[in-house]
Every structure is written in structure tokens, then in C-alpha cells.
Amino acid sequence: MSALHETLRRYVDDGTVPGAVGLVARGGSVEVVTAGSRDIEGTAPMDRESLFRIASITKPVTAAALLMLVEEGRLALDSPVAEWLPELADPVVVRTPSAPVDDVVPAVRPVTVEDLLSSRPGWGFPSDFSHPAVQALFGVQKDGRAPQAYPDPDTWLADLARVPMVYQPGEAWLYGTASDLQGILIARVSGRTLPEFLAERIFEPLGMRDTAFEVPKEKRDRFTTAYRSDGTGALEVADAPDGGWSRVPAFPSGGGGLASTADDWLAFARLLLGGGEADGRTLLSPTSVSRMTTNHLTAQQRELGSLFLEGQGWGYGGGVDVSPVDPWNVPGRYGWVGGTGTTAHIVPRTGTVTVLLTQVAMENPTPTPLMRDFWRCTAGS
């Protein structure tokens, strides 16, 4: 029995999660460990093909898709997004982050494509949720684990435009909003829906046959039940296999709307480790992959986002480790965590991929003890 299996089994046995899938790959060597069941009732064992709502580990996929359009010359990193998102043409910013929402000044410059990719658009969540402009954003940027609760993208964008920015464009790293804006931008620039574009340009070429914004009926026997804490330490159902993911939502969330498997995310990870090439096909340039996996934040911006980043940096669509604070923090390690209980990373220096999929929601932005033990267990892989 491997250390990874012992780690996952321990959290299943104590009731933290009904089940889990852990994957560690390095080169052609892949270890996949499963434990527990797809639901609390134990109606089916967890296995390698189990489907999960992967939440925010959707973000790297969306960033890669947007970079494909940049490489085609459809837009540039320094392009103002208002050309395609005219709702954001005249944004205002609160005078200071703690100012009332009606104490605003004009944005000093337009929001650019690079602002969205680096999660510095002016809208989003800093570590301090008490700011009035952040509180106002909660009415628009709702729980990303339930994209079915969002209106259509045009309505959502119009609602966002009425909320003042909490920081000037490019000034601060802010969580969440940027990736959803990327998804809308991809659709408007390409003339395709986000699900169509991702399927044609990423999922089909990489053989990611189970990754989508919905889980069709014929696959629902592999779909896990999602849970959250009921506040007493017990788990309650957040979404059933025939629930919200049984159809494409009105708002396909680039920030967290995908369902997937461990092997599908591995296929995407190998694209990045291959410098944008997979199975002899080039989907991204090495330059784009490098920009995705390189930290773009200043020390001050990293500190401002410390609740989420824990001192690390951010590339495009995912975090980038810059300091070896914990055993798993290898400088250059790239990836992220999902609020539904998922995490996925690559370590370019060693060619390592780690993926953990569970179906119990995080209670706050801090990675769970299970995630940390998974990272610790796989740090030497």
C-alpha cells in the first residue's frame, strides 16, 4: 500500500470525504489511487473514471484558450477588452479600497487582455472582504461552484459594469472575476460559445473525452455527488449527479464550470509540460506556456492576495510558487485549487503532475488539511 493510498484512505475512514482520486505522474510513470465511494451511501466505489465538478482548476484551461486567440492575432495582450466587452468601456474605481461605492473616480486606463490573464482587472476579491466595493461584488460574483445560479453572460456583464472597481486596472491581484471575464471574451472574439471553443480547440485534440460544462445522462453513473458542511461537522448534499450539471448552464463559467476526471486534467497538464505540444500537435507556443507558468505579480500584490496565495505568485490562470515555504512549494510549480475540493499542479522542472479530486466543498479559501497532506505526500515524486 503506497503512502498516497494511506493518505487518502485516512481521510475517507474518518469521514472527511466519502471518496477521493489521487494522481501523480512523472514522465511515463503514472500512479492513480482511489479510495472510498462516489457518495456517502456507498452506492458505487470511487474509481479512476469518476467524474467531479473541478471548480477553479478550470481556470488554467480558460487561460490557455484565450492565449490561443492571442497567438492567432485575434487580439493582443495589451488590447483593451472594451473592444469586445463594451459594457466595460467606462469603468469607475472607488477612491480608496475602503471608500463607499459612490465615492468613485474614473479608471486611469482601460482594462487589457493581460489584466484579465494575470487576474488584475480591478474587479475581484482581495484578502479583505469588508470593503464596500467588494461587498457589492458579492451580488454579481456569486459562488463559482454553482455556475447554474448565474444569469446569461450578457446580463452578468451588465451587472458587473454597475459595480465600481476596488482597485485600478493592473494595480492589484484580485480573485475570481478575471477568469469569468476571460470566458466571455473568448466567446465574443471567436464567435463560438465557450463550451464549443474549448471542446474544439482543447478537449478534442487532447482526448479529454469527459471534460465539459455538463455531464450527459450516459455518464452520470460515474458522476460523484457533491457535498458541503452543514455547519455541525456533518455533510449535506450540494449537488446530485442529476442536478445542476445535467445541462449546459446559461453561464458557462471560465472560472469554475467544468466537470472532469483525473486523467483528463493530466492530458492538459502534459500539454503544458510539453511546451504547448501534445502527441505531435502544437496547440500553444512555448512562449504562451511560459507566460502561463511564470509569476507576474510584485511582492506587494502577492501580499495583498495572501488569503488566497499564501505568499506565492500568479501566472495566467493559476498560482506559481516563488518561495519554498512548505515542502511542496517548489519554485515554478504551477496550478491551483478548486472550491469543490480539487487541486492540480505541474512542476515543470521535474515534469511532475499531481491531481487530487474530492467532492467535499472547501469552507474558505485556505487549502484543506487533506490537500496539504496530499501535497506533502507527493512532494518528492
TODO: Let me know which of Trp375, Tyr334, Trp336 forms a ring pair (Phe, Tyr, Trp, His ring centres under 6.0 Å) with His345.
DONE: Trp375
TODO: Look at the rings of Phe129 and Phe308 and say which category their plane angle falls in: under 30° parallel, 30 to 60° tilted, over 60° perpendicular.
DONE: tilted
Task: Shortest non-hydrogen contact between Val30 and Arg48, atoms and distance - done: CG1-NH2, 4.0 Å
Open item on the list: Test your reading of the model: is there a side-chain donor-acceptor pair from Glu214 to the backbone of Pro249, 3.5 Å cut-off?
Closed with: no
Task: Ser50 side chain to Asp47 backbone, donor-acceptor under 3.5 Å - done: yes
Task: Leu370 and Leu356, any side-chain heavy atoms less than 4.5 Å apart - done: yes
Open item on the list: If we ignore hydrogens and angles and just use 3.5 Å, is the side chain of Ser253 paired with the main-chain N or O of Gly255 as donor and acceptor?
Closed with: yes
Open item on the list: Are more than 12 heavy atoms, taken from residues, nucleotides or ligands other than Glu363, located less than 6.0 Å from that residue's CD atom?
Closed with: no
- [ ] Would you please say whether a donor-acceptor pair under 3.5 Å links the side chains of Tyr11 and Thr368?
- [x] no
Open item on the list: For Leu309, is there any backbone N or O sitting under 3.5 Å from a side-chain donor or acceptor partner on Arg302?
Closed with: no
TODO: Test Arg228 against Glu236 for salt bridge (Lys or Arg N to Asp or Glu O under 4.0 Å), laying out the working first.
DONE: CA-CA 6 Å; Arg228 61 182 167 235; Glu236 62 182 13; 3.0 Å; yes
- [ ] Identify the heavy atoms of Thr58 and Gly257 that sit nearest to each other, and give their distance.
- [x] OG1-N, 3.7 Å
TODO: For Asp239 and Gly244, indicate whether the former's side chain and the latter's backbone hold a donor-acceptor pair under 3.5 Å.
DONE: yes
- [ ] Following the transitive rule for hydrophobic clusters with a side-chain heavy-atom cut-off under 4.5 Å over Ile, Leu, Val, Met, Phe, Trp and Tyr, establish whether Leu185 and Phe213 coincide in one cluster.
- [x] yes
Open item on the list: So, taking the atom named CD1 in Ile186 and the one named CG in Leu194, what distance separates them when rounded to the nearest 0.5 Å?
Closed with: 5.5 Å
Task: Short side-chain to backbone donor-acceptor contact, Arg74 and Val189, under 3.5 Å - done: yes
Open item on the list: Restricting to non-hydrogen atoms, name the atom on Pro18 and the atom on Val12 that form the minimum distance, rounded to 0.1 Å.
Closed with: O-CG1, 3.7 Å
TODO: Any chance you could lay out the side-chain contact (heavy atoms from CB on, under 4.5 Å) test for Val320 and His296, step after step, and finish with the verdict?
DONE: CA-CA 9 Å; Val320 179; His296 296 281; over 6 Å; no
Task: Donor-acceptor under 3.5 Å (Gln301 side chain, Thr298 main chain) - done: yes
TODO: State, with a plain yes or no, whether a side-chain heavy atom of Leu181 is found less than 4.5 Å away from one of Trp156.
DONE: yes
Open item on the list: Between Val32 and Ile346, is there shared hydrophobic-cluster membership here, with clusters defined by ILVMFWY side-chain heavy atoms closer than 4.5 Å?
Closed with: yes
Open item on the list: Main chain of Gln148, side chain of Trp245: is a donor-acceptor contact present, judged purely on distance under 3.5 Å?
Closed with: no
Task: Flag side-chain contact, heavy atom, 4.5 Å: Leu77 against Leu117 - done: yes
Open item on the list: For the residue pair Ser285 / Glu71, report whether a side-chain donor-acceptor contact shorter than 3.5 Å exists.
Closed with: yes
Open item on the list: Using only atom types and a distance under 3.5 Å, with no angle test, would you say the side chain of Arg247 pairs donor to acceptor with the backbone of Val215?
Closed with: no
Open item on the list: Checking side-chain polar atoms at under 3.5 Å, does Thr112 have a donor or acceptor matched by the opposite partner on Asp115?
Closed with: yes
Task: Student check: side-chain heavy atoms of Leu67 and Met292 closer than 4.5 Å - done: yes
Open item on the list: Test of understanding: clusters of I, L, V, M, F, W, Y form through side-chain heavy atoms closer than 4.5 Å, transitively. Do Met68 and Tyr316 belong to the same one?
Closed with: yes
Open item on the list: With side-chain contact (heavy atoms from CB on, under 4.5 Å) as the criterion, how do Val237 and Tyr227 come out once you've worked through the C-alpha distance, each side chain's angles and the decisive distance to 0.1 Å?
Closed with: CA-CA 5 Å; Val237 174; Tyr227 297 92; 3.7 Å; yes
Task: Transitive ILVMFWY side-chain link Val347 to Trp265, under 4.5 Å - done: no
TODO: Would you name the heavy atoms of Pro126 and His131 that are closest together and state the gap between them?
DONE: CG-CD2, 4.2 Å
Open item on the list: Looking at every non-hydrogen atom in both residues, tell me the closest pair between Ala25 and Leu266 and how far apart they are.
Closed with: CB-CD1, 3.7 Å
Open item on the list: With heavy-atom distances below 4.5 Å as the criterion, would you say the side chains of Glu31 and His5 are in contact?
Closed with: no
- [ ] Could you give me the CA-CA distance, side-chain angles and deciding distance for Asp326 and Arg376, then say whether salt bridge (Lys or Arg N to Asp or Glu O under 4.0 Å) is met?
- [x] CA-CA 8 Å; Asp326 289 301; Arg376 184 177 291 108; 5.8 Å; no
Open item on the list: Nearest 0.5 Å, please: how far is OG1 in Thr34 from CG in Leu8?
Closed with: 8.5 Å
TODO: Determine whether the side chains of Arg145 and Thr340 contain a donor N or O and an acceptor N or O closer than 3.5 Å.
DONE: no
TODO: Carefully, step by step, assess Asp128 and Leu304 under the rule side-chain contact (heavy atoms from CB on, under 4.5 Å).
DONE: CA-CA 9 Å; Asp128 188 345; Leu304 194 65; over 6 Å; no
Task: Approximate separation, where rounding is to 0.5 Å, of Asp264 CG and Phe203 CZ - done: 8.5 Å
Open item on the list: Closer than 3.5 angstrom, by distance alone: can the side chain of Trp123 be matched with the main-chain N or O of Val163 as a donor-acceptor pair?
Closed with: yes
Task: Heavy-atom closest contact (Pro331 atom, Val322 atom, distance) - done: CG-O, 4.1 Å
- [ ] Flag the pair Val104 / Met165 as yes when at least one side-chain heavy-atom distance between them is below 4.5 Å, and no otherwise.
- [x] no
TODO: Kindly check if the number of other-residue, nucleotide or ligand heavy atoms within 6.0 Å of CG (Asp279) is above 12?
DONE: no
- [ ] Would you indicate whether the side-chain heavy atoms of Phe374 and Trp328 approach each other to under 4.5 Å?
- [x] no
- [ ] Give a yes/no verdict on a cation-pi contact between Arg53 and Phe223, requiring under 6.0 Å between NZ or CZ and the six-membered ring centre and an angle within 45° of the axis.
- [x] yes
- [ ] Compute whether any side-chain donor of one residue and acceptor of the other, for Ser37 and Asp39, lie under 3.5 angstrom apart.
- [x] no
TODO: Classify the side-chain pair Thr261/Asp210 by whether it contains a donor and acceptor separated by less than 3.5 Å.
DONE: no
- [ ] Can you measure from OG1 (Thr62) to CG (Leu66) and round to the nearest 0.5 angstrom?
- [x] 9.0 Å
Open item on the list: For Ser260, run the side-chain contact (heavy atoms from CB on, under 4.5 Å) check against Val61, Thr211, Leu357 and tell me which one passes.
Closed with: Thr211
Open item on the list: Met46 vs Gln359, test: side-chain contact (heavy atoms from CB on, under 4.5 Å). Steps then yes/no.
Closed with: CA-CA 11 Å; Met46 193 71 78; Gln359 74 265 50; 3.6 Å; yes
Task: Between CD on residue Glu49 and NZ on residue Lys219, distance to nearest 0.5 Å - done: 10.0 Å
- [ ] Measure the shortest side-chain to side-chain distance between Arg162 and Val140 over non-hydrogen atoms and say whether it is less than 4.5 angstrom.
- [x] no
TODO: Identify whether Val93 and Val111 are in the same connected component of the hydrophobic contact network (ILVMFWY, side-chain heavy atoms under 4.5 Å).
DONE: yes
TODO: Look up atom NZ in Lys59 and atom CG in Leu258, then write down how far apart they are to the nearest 0.5 Å.
DONE: 11.0 Å
Open item on the list: Does Glu41, at its CD atom, have more than 12 non-hydrogen atoms belonging to other residues, nucleotides or ligands within less than 6.0 Å?
Closed with: yes
Using atom types as modelled, flag every donor-acceptor pair under 3.5 Å from a side chain in residues 83-90 to any protein atom, sequence neighbours excluded.
{"from": "Glu87", "atom 1": "OE1", "to": "Arg188", "atom 2": "NH1", "distance (Å)": "2.9"}
{"from": "Glu87", "atom 1": "OE2", "to": "Arg188", "atom 2": "NH1", "distance (Å)": "3.4"}
{"from": "Glu87", "atom 1": "OE2", "to": "Arg188", "atom 2": "NH2", "distance (Å)": "2.9"}

